[in-house]
Amino acid sequence: MSAFFTLIRRDLRLAWRNNGALVTSLGFYLIVIAILPLGLGPDLNLLARLAPGLLWVALLLSALLTLDRLFHNDFEDGSLELIVLGPLPLELVCFAKSLSHWISSSLPLALLAPGLGLLLNLDANAYWVLTLTTFVGTPAISFIGAIGAALTIGLRQGGPLLALIVLPLYVPVLVFGVSAINAVIVGPNSFWASFSILCAITLASMVLAPLAAAAGLRLNVQ
Amino acid sequence: MLFRDLSFSLTGGRSLLLQGANGSGKTSLLRILAGFLPAERGRVELKTDGIIREPEMATHYVGHKDGIKAQFTVSENLRFWGSYFGSGSSQRDIPHLDDVLARFNLRELREIPSNLLSAGQKRRLCLARLLVAQRHLWLLDEPSHALDRDSQALLADVMKDHLDGGGMVIATTHIPLGLEFDTNLVLGEELPPT
């Protein structure tokens with residue numbers, strides 16, 4: 001078990017030293033949300049109605065920017081095959097790396113989301129639920145994203161392909177994340193229905209995605 | 001197909017040198033032994049104390065890539081491998097990090113970021129990994145690559161110590177490693193007709 005935490009500590013420290021990737025991703029999120037009102041016009045009611053969906057879609061796109069780093073750097077410099085030779089099963093390696101990706105890359109995006117809600121005139125009642133859904137939904141982004149990262153690891157230009165593989169898998173997270181927020185703003189459905197399903201998606205992805213990512217890594221580390 | 005009907009065994013304290021022309025399958029064979037590549041047919045068995053082990057728990061693999069994180073200092077790199085490989089196995093005598101660094105003449109460089117190292121210094125750091133966690137079988141693919149004469153002698157010493165301690169070494173090289181290998185295996189010779 002100590003190998004598991006050793007790996008997480010190392011990945012977090014690497015992410016901290018390499019914080020350019022995080023700044024890029026946060027900056028991308030900010031800039032996309034900032035230019036949306038310029039494109040959509042100054043109609044505050046329209047912006048408020050679209051805000052939950054726009055905040056979630058832009059968050060997914062920003063998360064993609066850091067996902068291809070998940071295994072790629074370790075693959076390039078040879079660390080990955082040594083990690084594979086270590087005492088930790090490959091599934092747990094994928095779990096550890098997805099978890100540190102969540103802490104270092106997806107969680108900061110989730111924390112930024114309420115601030116960006118201001119730019120889109122998000123309904124005042126919706127901030128707490130936006131915070132809650134992004135907090136609960138972003139682990140699924142990191143864990144599901146690891147599948148795509150593992151499959152595209154050997155490719156020089158893996159980023160665009162990664163987006164094609166991963167974005168369709170994010171649809172359930174997006175749908176229930178947005179509908180939980182809309183339930184609070186406009187009703188009439190209960191917030192808890194969508195929110196419970198979002199929690200279930202995250203828990204399922206934490207269990208199942210590392211299995212798929214490990215299988216992808218086995219194909220690529222040969 | 002690179003090779004077939006290949007069979008060999010190695011016991012503790014013995015070493016094997018893989019030879020052959022470029023592309024004859026030396027690296028592929030090492031990667032099969034390490035468990036990265038599946039063999040078309042056949043199997044690899046590794047026993048320590050009469051128990052069959054997974055290759056993951058008992059081998060060190062040194063390949064073409066150094067596996068060094070440029071953002072970490074020399075000692076951070078080594079400390080990670082020590083605690084990652086060292087956990088899970090029951091080890092009595094884990095060597096001290098400073099001793100390993102001193103052995104590979106890296107002590108003065110310990111706080112230097114790894115991206116400032118020369119190719120030979122990186123190689124020494126990569127080889128220092130062999131000593132921070134005990135593994136019975138060492139799979140070394142061109143281990144002396146980029147090393148100067150003194151470091152090559154050092155590597156030979158380290159391998160000798162490992163063999164004296166009952167370990168096993170399988171290596172490929174084009175440069176003499178300064179070590180008398182017990183067995184030679186030449187790959188890429190004419191395959192007999194089926």
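Throughout, a chain's letter reflects where its sequence line sits, starting with A, and its residues are numbered from 1.
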- Value for CZ (B:F36) from CG (A:L80), rounded to nearest 0.5 Å, stands at 8.5 Å
- Item | Members of residues 199-215 of chain A whose heavy atoms come closer than 4.5 Å to chain B | none
- Item | Part of residues 63-74 of chain A lying next to chain B, heavy-atom separation under 4.5 Å | A:N73, A:D74
- Message: Would B:K69 and A:R10 count as a side-chain contact (heavy atoms from CB on, under 4.5 Å) here? Give the steps.
- Response: CA-CA 10 Å; B:K69 278 288 157 202; A:R10 162 190 183 266; 3.1 Å; yes
- Item | B:Y84 side chain to A:I83 backbone, donor-acceptor under 3.5 Å | yes
- Message: With a 4.5 Å cut-off on side-chain heavy atoms, are B:Q71 and A:R13 touching?
- Response: no
- Item | Side chain to side chain, B:W81 and A:S79, heavy atoms closer than 4.5 Å | yes
- Query: Shortest non-hydrogen contact from A:P87 to B:R135?
  - Reply: CD-NH2, 4.3 Å
- Step by step, work out the side-chain contact (heavy atoms from CB on, under 4.5 Å) result for A:D77 and B:D66. CA-CA 7 Å; A:D77 65 19; B:D66 290 327; over 6 Å; no
More than 12 heavy atoms of other residues, nucleotides or ligands under 6.0 Å from [atom1] of [X]: yes or no?
X	atom1	answer
B:E111	CD	yes
B:E45	CD	yes
A:F135	CZ	no
A:W16	CH2	no
A:L118	CG	yes

- Step by step, would you call B:F72 with A:R17 a side-chain contact (heavy atoms from CB on, under 4.5 Å)? CA-CA 9 Å; B:F72 282 171; A:R17 302 259 166 101; 3.5 Å; yes
- Item | Contact leader toward chain A among B:G63, B:C126, B:P38, B:G67, where contacts are heavy-atom pairs under 4.5 Å | B:G67
- Decide, yes or no, whether a salt bridge links A:E81 with B:K65 under the criterion of side-chain N to carboxylate O below 4.0 Å. no
- Note on the structure: Answer key: most heavy-atom pairs under 4.5 Å with chain B among A:L82, A:L7, A:V221, A:N18 is A:L82
